[in-house]
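This report concerns only the one structure given below.
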Amino acid sequence: MTPMQALRGTRDILPDETPLWQWVEATARELLYRAAYREIRPPLLEQTGLFERGIGEATDVVGKEMYTFEDRGGRSITLRPEITAGLARAVNEHSLMSQGSVLRLWHVGPAFRYERPQAGRQRQFHQLDVELVGSADPRADVEVIAIATTLLQTLGLKSLTMDLNSVGNGDDRQRYRDALVDFLTPHKADLDSDSQSRLDTNPLRILDSKNERTQAIVQTAPNLLDYLAADSQRHFDRVQQGLTDLGIAYQLNPRLVRGLDYYTHTAFEIQSADLGAQATVCGGGRYDGLMAQLGGPSTPAIGWAIGLERLTLLLKQLNVEPSTAMDVYVVSRGEAAEGKALNIAQTLRQVGLAVEMDLSGSAFGKQFKRADRSRAVLCVIVGEAEAEQGIMQLKWLGSGEQVALSQASLGAAAAELKHKIAAVRQAS
RNA sequence: GCGAGCGUAGCCAAGGGGUUAAGGCAGCGGAUUGUGAUUCCGCCAUUCGGGGGUUCGAAUCCCCUCGUUCGCCCCA
């Protein structure tokens with residue numbers, strides 16, 4: 001019988017890796033709390049129409065990458081391919097927005113796209129998603145982008161670059177789209193085949209093509225930024241000014257066009273040179289039309305998503321390893337002693353210490369080796385002699401110093417032990 | 001969905017038709033039946049991702065399949 005395997009494009013995040021993920025999530029949670037963002041937890045399943053209407057039927061994500069199936073009631077269901085649409089739906093459904101107010105939300109969780117797996121690209125992947133709903137102010141764009149850069153910086157990521165663009169409002173985009181089609185149509189025969197078909201379906205995406213001949217043609221195409229209306233331009237100017245004032249570096253990339261239809265005005269991507277072809281760690285932008293598109297009141301919004309697989313890949317390259325060391329390792333031998341050891345571990349855990357018990361019953365020498373490997377600061381020893389005398393040995397693994405303590409006084413001494421362990425750890 | 005490379009133990013691997021599949025790390029047991037290092041000894045793949053074929057003989061050659069990596073594509 002062949003052993004069961006995880007599905008293609010999915011993977012187990014193993015105990016050796018979860019400390020890194022937990023550290024990323026804890027850092028993000030703290031940062032978002034300080035910026036007044038609140039967590040929301042929408043379902044992973046939504047009706048298919050949400051994504052068709054929200055993301056756009058002409059996009060690759062909706063057109064060929066969704067996990068869509070019919071449930072037992074005959075409804076078309078889709079595992080979310082991204083998070084923003086579900087959040088927008090929830091905001092509408094529960095009327096979370098009251099007029100004139102602002103809603104700051106975040107969420108972390110899996111999303112699903114049926115794609116060919118690659119380093120930094122899986123079929124089930126995880127995103128941290130941040131959204132600011134209800135403000136069209138350019139300061140909102142700056143706030144949201146600053147949260148992304150601060151988070152990445154706090155985690156220790158230095159050599160990242162940010163591309164910034166404005167795709168304008170719906171009218172700007174339409175006028176530019178027309179101009180671009182007019183420009184490209186005479187060159188149609190020289191474009192790569194993907195770009196040829198996009199000329200009808202999604203011409204702006206041609207700007208993004210990596211095909212050399214296509215790029216050469218696109219070099220001389222009209223510039224999107226020349227087609228922004230006065231207020232679109234003004235909005236974009238103020239976003240740039242705000243970023244500059246905060247010392248956030250970026251480069252303008254008039255060919256940055258993101259693959260989801262809902263984006264308007266500001267669009268940005270944060271990339272790393274250390275990820276190969278899947279270089280984008282964080283991507284986002286403004287989506288002023290989405291809420292209305294989904295049947296709610298017209299509401300401006302901006303947000304982004306960070307890909308956690310890509311982020312943790314970068315952190316692993318930096319050898320970031322959150323500590324998983326135990327405070328205390330309990331060694332015991334003999335029936336009476338092993339019973340006592342359980343009590344001792346409980347007592348120490350109650351004051352907040354991390355305590356691992358050796359369950360092997362093997363020779364003390366072996367147990368000490370494991371104590372060492374657990375990177376515990378303190379080893380508690382209960383053998384037959386100690387059990388009989390009602391005591392335990394406390395051995396400080398750094399210095400080797402060992403003292404006896406009566407079991408009866410452990411409760412009273414536990415808090416002091418905790419302080420001493422913290423002090424020893426600090427010193428090392 | 002297209003193209004190319006790679007799958008030998010928990011990890012890193014040698015072996016490229018001749019039958020007991022090197023070695024290292026990790027793990028377990030012992031030397032040391034109550035104290036962490038080092039050292040030494042022993043154990044740890046009835047089988048080379050899976051299935052089929054060629055052959056007297058297959059980890060090695062062929063086909064299929066699964067997984068993975070790198071591009072394309074797409075995006076986080």
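Below, read A as the first sequence line, B as the second, and so on, with proteins coming before strands; counting in each chain starts at 1.
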Would A:R104 and A:E143 count as a salt bridge (Lys or Arg N to Asp or Glu O under 4.0 Å) here? Give the steps. CA-CA 11 Å; A:R104 292 181 170 93; A:E143 171 179 313; 2.6 Å; yes
Is a salt bridge present between A:E30 and A:R34, judged by a nitrogen-to-oxygen distance below 4.0 Å? yes
I'd like to know if the side chain of A:H107 reaches the main chain of A:D129, judged simply by a donor and an acceptor atom lying under 3.5 Å from each other, with no hydrogens or angles considered. no
Scan A:R113 against the nucleic acid and name what it touches under 4.0 Å (heavy atoms): base, sugar-phosphate only, or nothing. base
For B:G53 and B:U46, measure between their P atoms and round to the nearest Å. 23 Å
For B:C43, the Watson-Crick or wobble counterpart (both distances under 3.5 Å): B:G27
Who are the side-chain contact (heavy atoms from CB on, under 4.5 Å) partners of A:R123, not counting sequence neighbours? A:R8, A:Y67, A:Y114, A:P117
How many whole angstroms separate atom CE of A:M66 from atom P of B:G1? 17 Å
If I pick the C1' atom on B:U65 and the same atom on B:C41, what distance separates them, to the nearest angstrom? 45 Å
Could you work out the separation of B:G51 and B:C56 based on their P atoms and round it to a whole Å? 23 Å
Atom CZ of A:R373 to atom C1' of B:G27: distance rounded to whole Å? 8 Å
Show the atom names and distances, to 0.1 Å, of all donor-acceptor pairs under 3.5 Å that link a side chain in residues 395-405 of chain A to residues at least two apart or in another chain.
{"residue": "A:S399", "atom": "OG", "partner": "A:E401", "partner atom": "N", "Å": "3.2"}
{"residue": "A:Q402", "atom": "NE2", "partner": "A:Q393", "partner atom": "OE1", "Å": "3.4"}

With C1' as the reference atom in both, quote the distance from B:U69 to B:U32 in angstrom, rounded to an integer. 48 Å
Base, sugar-phosphate, or nothing for A:L128, non-hydrogen atoms under 4.0 angstrom? nothing
If you measure from the P atom in B:U8 to the same atom in B:U68, how many Å do you get, rounded? 14 Å
Rounded distance (Å) that lies between atom P of B:C2 and atom OH of A:Y114: 11 Å
How many Å lie between CD on A:E17 and C1' on B:C11, as a whole number? 14 Å
Rounding to an integer number of angstrom, what distance separates B:U19 and B:C12 when you compare their P atoms? 27 Å
What string of B, S and - do you get for nucleotides 29-34 of chain B, 5' to 3', if B is base contact, S is sugar-phosphate-only contact and - is no contact with any protein heavy atom under 4.0 Å? SB--SB
Pairing partner of B:A37, by Watson-Crick or G-U wobble and under 3.5 Å for both distances, is none
Looking at A:K418 and A:D327, is any side-chain nitrogen of the basic one under 4.0 Å from a carboxylate oxygen of the acidic one? no
Strand partner of B:G3, provided both Watson-Crick or wobble distances fall under 3.5 Å: B:C70
When you measure from the side chain of A:R177 to the backbone N and O of A:L204, does any donor-acceptor pair fall under 3.5 Å? no
Mind checking A:R11 for me? I need base, sugar-phosphate or nothing, with any heavy atom below 4.0 Å counting as a touch. nothing
How would you summarise protein contacts on nucleotides 66-73 of chain B per nucleotide, using B for base, S for sugar-phosphate only and - for none, with heavy-atom distances below 4.0 Å? SSBSSBBB
Between B:C48 and B:U35 - C1' atom distance, rounded Å: 43 Å
Hey, does the side chain of A:E386 reach the backbone of A:G383 with a donor-acceptor pair shorter than 3.5 angstrom? yes
With rounding to whole Å, what would you report as the distance between B:G42 and B:U60 at their C1' atoms? 32 Å
Counting only pairs under 3.5 Å, give me each side-chain donor-acceptor contact of residues 371-380 of chain A, with atom names and distances, residues two or more places apart or in other chains.
{"residue": "A:S374", "atom": "OG", "partner": "A:A371", "partner atom": "O", "Å": "2.7"}
{"residue": "A:S374", "atom": "OG", "partner": "A:A376", "partner atom": "N", "Å": "3.2"}
{"residue": "A:R375", "atom": "NH2", "partner": "A:T324", "partner atom": "OG1", "Å": "3.2"}

Kindly list each side-chain donor-acceptor pair under 3.5 angstrom involving residues 272-279 of chain A, sequence neighbours excluded, with atom names and distances?
{"residue": "A:S272", "atom": "OG", "partner": "A:D274", "partner atom": "N", "Å": "2.9"}
{"residue": "A:Q278", "atom": "OE1", "partner": "A:R310", "partner atom": "NH2", "Å": "3.3"}
{"residue": "A:Q278", "atom": "NE2", "partner": "A:Q118", "partner atom": "OE1", "Å": "2.8"}

